[in-house]
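Below is one structure, written out as structure tokens; comments come after it.
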Amino acid sequence: MPTFQAPRGMRDILPGEVERWQALEAEIHDLAARYGFREIRTPVVEHTEVFQRTVGETTDLVEKEMYTFSDRGGRLLSLRPEGTAAVMRAFLEHGLARQPQPVKLYYIAPMFRYDRPQRGRYRQHTQFGAEIIGSPDPSADAEVLALPVRLLQQVGLTEVEVRLNSVGDAACRPLYLAALRDYFRPHVADLCVDCQRRYEEHPLRILDCKREGCHRIARGAPPVFGYLCDECAAHFEGVRAQFDMLGIRYSIDPFIVRGLDYYTRTAAEVYSGRLGAQNAMFGGGRYDGLAEQLGGPPTPGVGFGFGLDRLLLVGEQEGLARPLDRGIEVMVVTIGPTARSEGFRLADELRQAGIRTDGDLLVRSVAAQMKHADRLGARLALVLGDDELAAGTVTLREMASGEQTTIARAGIAPALLDRLRRQEPTNEGQGR
RNA sequence: GUGGCCGUAGCUCAGCCUGGCAGAGCGCCUGACUGUGGCUCAGGAGGCCGCGGGUUCAAGUCCCGUCGGUCACCCCA
């Protein structure tokens, strides 16, 4: 038994699984570029306040899920639990408002939350997120949210439905909260303890409660739509119209509330039936007040966060195409010390020519080297012994057929390259 | 943070109920006459039975704790 394990809720991604990540990440970079998004990388750690002031003091995320510590200089820092606040911080810090507007940014980055781990919920997970900062128009909402939808379709998950809602803005939300309090007031005693607290702090969240009792009461609550101000109502209509235009399926769900305080107007989520309890694939929305909460000028923004660990879990269950691993193509097999040393030169030559090549690092017998070539899935073995050295040749063995030919040592790299690329397996050579 | 279930070799698991020498398959390594893999055969390495404590003549097996995983709650991606 190893003495150490990875920290709870965190895991190693080993060869075999890592290829899925690489393929997915490549797909995302490509998708984001096609939609005109540029990548941004921010530190894994931020000043704790960045999240406290934006995500909300009373949210679970800030209240009990952050990895917070003070560094040796006495600064209070946190591992980032989500991406949007950090991106906005960077936007403000570097004056990106002076770049051509709107600014379209995306990231693939690890997030940290001190949760109780289970399948699909990790203390370190990776999110793909994108933000459009600088446009208040509904088309911006539809355009960022199209990204995760297209990604899902692209990886083969076509049965996805976006759930949409509007949570109002600074103008109309207070009215709605008041209306909710009015509605829940006579029911407070019947709500769960959490919701009784929510009644005081954030009655919107009661709508989100999954407890049967609370849910039954919440079902009778007045829907937000009657309370949206004209601007918010128009915005919501605009987003819907854009979704229709793009042919993106969605449903209206007045119970989508989002667990982060910075959201205004648009709120969106997508779930998967394949994920058990941890079923949210992505969530997002508009956050027009976020920049001001960070001390910046009023700046509209909209974005989402997508859980890639969960996407891969679903993809695995759906049996989606497994990316080819980049195993070796050629194994150099040598006999005797002189050939062994020459074999190193040969292997390196092939590698520089672009061929995935391996050799013997254990001074093994020819049989063992051949066996190793087979285990690693090499297509060709190049046998090099005293005979070949003397003749200036190499014995080439097709592993699949066992067919052997003698070829010249000189100019071998181009010859092999041609041979390998000419009769590539049909599904190789695309999508990287 | 709450409750349930589960931790035995690198992997998948049997053994636990009913305490008595730690096992299988796969994988890994070596060999089967001189320089050739896959199939087969033979051999080998590898386990503080997650960790700690308790009960017992004796604990992988029973009890408690703890760490980790998992399911649900909660929360969320």
Side-chain angles (χ1 to χ4, degrees), chain A residues 1-11 14 16 55 59-66 80-84 108-129 148 192-195 198 205 208-212 214 256-260 268-272 275-284 303-314 331-336 339-340 360 362 364-389 395-404:
Chain A
M1 259 292 115
T3 313
F4 289 106
Q5 308 175 265
R8 182 165 200 211
M10 304 188 182
R11 58 218 177 99
L14 303 178
V55 172
T59 57
D60 282 8
L61 197 61
V62 165
E63 232 170 28
K64 45 196 192 195
E65 293 177 8
M66 282 212 294
R80 77 178 152 219
E82 64 100 40
T84 301
I108 299 174
M111 304 295 163
F112 301 85
R113 296 183 192 177
Y114 194 87
D115 256 357
R116 176 110 172 228
Q118 64 185 73
R119 190 174 176 79
R121 181 165 74 186
Y122 307 104
R123 289 184 173 180
Q124 175 179 340
H125 74 280
T126 300
Q127 278 188 29
F128 161 42
C192 68
V193 281
D194 287 333
C195 283
R198 289 172 181 139
R205 285 240 169 72
D208 208 23
C209 187
K210 276 92 185 170
R211 285 176 199 279
E212 183 48 37
C214 300
I256 299 284
V257 160
R258 307 300 300 136
L260 286 57
E269 294 185 355
V270 164
Y271 304 96
S272 166
L275 282 172
Q278 307 307 317
N279 60 356
M281 298 267 282
F282 79 79
F304 68 88
F306 195 130
L308 298 187
D309 306 74
R310 290 181 183 176
L311 177 58
L312 287 173
L313 276 177
V314 173
M331 178 68 75
V332 175
V333 173
T334 59
I335 304 145
R340 194 174 133 79
D360 170 51
L362 284 169
R364 289 200 267 208
S365 70
V366 182
Q369 290 183 57
M370 289 301 298
K371 194 186 186 86
H372 194 230
D374 187 55
R375 291 294 155 87
L376 294 193
R379 285 185 53 202
L380 303 175
L382 294 182
V383 183
L384 195 58
D386 292 338
D387 298 347
E388 288 85 354
L389 281 181
T395 299
L396 182 151
R397 183 180 180 88
E398 281 278 356
M399 294 301 285
S401 63
E403 189 184 322
Q404 291 197 173

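Each chain gets a letter, A, B and so on, in the order the sequences are listed, and its residues count up from 1. All values reported here derive from a predicted model rather than from experimental measurement.
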Take atom [atom1] of [X] and atom [atom2] of [N], then tell me their distance rounded to the nearest Å.
X        : N     : atom1 : atom2 : value
A:Arg375 : B:C26 : CZ    : P     : 11 Å
A:Asp374 : B:G37 : CG    : C1'   : 5 Å
A:Leu396 : B:U36 : CG    : P     : 17 Å
A:Gln5   : B:G7  : CD    : P     : 16 Å
A:Leu14  : B:G10 : CG    : C1'   : 11 Å
A:Leu362 : B:C28 : CG    : C1'   : 12 Å
A:Asp60  : B:G1  : CG    : C1'   : 10 Å
A:Gln118 : B:G4  : CD    : C1'   : 12 Å

Sugar-phosphate only, base, or nothing, as touched by [X] at under 4.0 Å among non-hydrogen atoms:
X        : answer
A:Ala277 : base
A:Tyr122 : base
A:Glu65  : sugar-phosphate
A:Met399 : base
A:Gly377 : nothing
A:Glu388 : base
A:Gly336 : nothing
A:Ser365 : sugar-phosphate
A:Arg364 : sugar-phosphate
A:Ala400 : base
A:Asn279 : base
A:Gly129 : nothing
A:Asp115 : base
A:Ala368 : sugar-phosphate

Let's test this: given Watson-Crick or G-U wobble pairing with both distances under 3.5 Å, identify the partner of [N].
N     : answer
B:U61 : none
B:A72 : B:U2
B:G43 : B:C29
B:U12 : B:A24
B:U66 : B:G50
B:G19 : none

Task: 5' priority, RNA chain B, between A:Tyr271 and A:Ala6 [closest heavy atom] - done: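 The answer here is A:Ala6.
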Counting only distance, no hydrogens or angles, is the base of [N] paired donor-acceptor with the side chain of [X] under 3.5 Å?
X        : N     : value
A:Arg116 : B:C71 : no
A:Arg397 : B:G35 : no
A:Arg119 : B:U70 : no
A:Gln369 : B:U36 : no

Open item on the list: I'd like to check, for A:His372, whether its ring lies over the base of B:G37 with centroids under 5.5 Å apart and a plane angle smaller than 30°.
Closed with: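 Stacking is absent between B:G37 and A:His372, given that the ring centres and planes do not meet under 5.5 Å and under 30°.
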With rounding to the closest Å, how many angstrom separate the [atom1] atoms on [N] and [M]?
N     : M     : atom1 : answer
B:U12 : B:C57 : C1'   : 37 Å
B:A77 : B:U2  : P     : 23 Å
B:C67 : B:U36 : C1'   : 50 Å
B:U56 : B:U18 : C1'   : 16 Å
B:A58 : B:G68 : P     : 32 Å
B:G10 : B:G47 : P     : 7 Å

Open item on the list: What I want to find out is whether A:Asp309 reaches A:Arg11 closely enough, with some N-O distance under 4.0 Å, to be called a salt bridge.
Closed with: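 Yes, A:Asp309 and A:Arg11 are salt-bridged.
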Open item on the list: Are more than 12 heavy atoms, taken from residues, nucleotides or ligands other than A:Arg340, located less than 6.0 Å from that residue's CZ atom?
Closed with: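 Yes.
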- [ ] Tell me, yes or no, whether the heavy-atom count around A:Tyr271 atom OH, taken from other residues, nucleotides or ligands under 6.0 Å, exceeds 12.
- [x]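 Counting other residues, nucleotides and ligands, OH of A:Tyr271 exceeds 12 neighbours.
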TODO: Consider the side chain of A:Gln278, meaning its heavy atoms from C-beta on, and name the nucleotide among B:U36, B:G68, B:C74 that approaches it most closely.
DONE: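 So the nucleotide nearest the side chain must be B:C74.
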Open item on the list: Does a side-chain N or O of A:Lys371 approach OP1 or OP2 of B:G38 to a distance below 4.0 Å, or not?
Closed with: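 Yes, such a contact exists.
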- [ ] Side-chain contact test, heavy atoms from C-beta onward, threshold under 4.5 Å: evaluate it for A:Arg379 versus A:Met399 and give yes or no.
- [x]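 No, every pair of side-chain atoms sits at 4.5 Å or beyond.
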Open item on the list: Between A:Arg205 and A:Thr59, does the side chain to side chain contact (heavy atoms under 4.5 Å, CB included) criterion hold? Intermediate values first, please.
Closed with: CA-CA 10 Å; A:Arg205 285 240 169 72; A:Thr59 57; 3.6 Å; yes
